[in-house]
Amino acid sequence: MEYVSALLPPMVMAIAFIALVVTIVKSQGGANKAKEDAAVDAALSRAEAAHPQASNSGDART
């Protein structure tokens with residue numbers, strides 16, 4: 001019975017990892033893709049608006 005207790009944790013972790021990978025693969029594309037892309041685009045535009053690019057005309061750093 002010691003072999004069961006030795007093999008159980010790795011088997012549980014392997015099954016959990018496989019389930020995670022399957023979930024990630026299934027969630028890519030499809031109906032959710034447009035919603036996820038829109039969320040990423042909105043976050044990027046908010047980040048760009050919060051940090052406007054500095055002009056190089058008065059910047060002496062190189």
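This structure is a prediction, so every number in the text was calculated from the model and none was measured.
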> Can you name the nearest heavy-atom pair linking Ala6 to Pro9, along with the distance?
Replying inline: O-CD, 4.0 Å

>> For the CE atom of Met13 and the CG atom of Leu8, what is their distance to the nearest 0.5 Å?
In response: 12.0 Å

>> Hydrophobic clusters here meaning ILVMFWY residues chained together by side-chain heavy-atom distances under 4.5 Å, can you tell me if Val4 and Val12 are in one?
In response: no

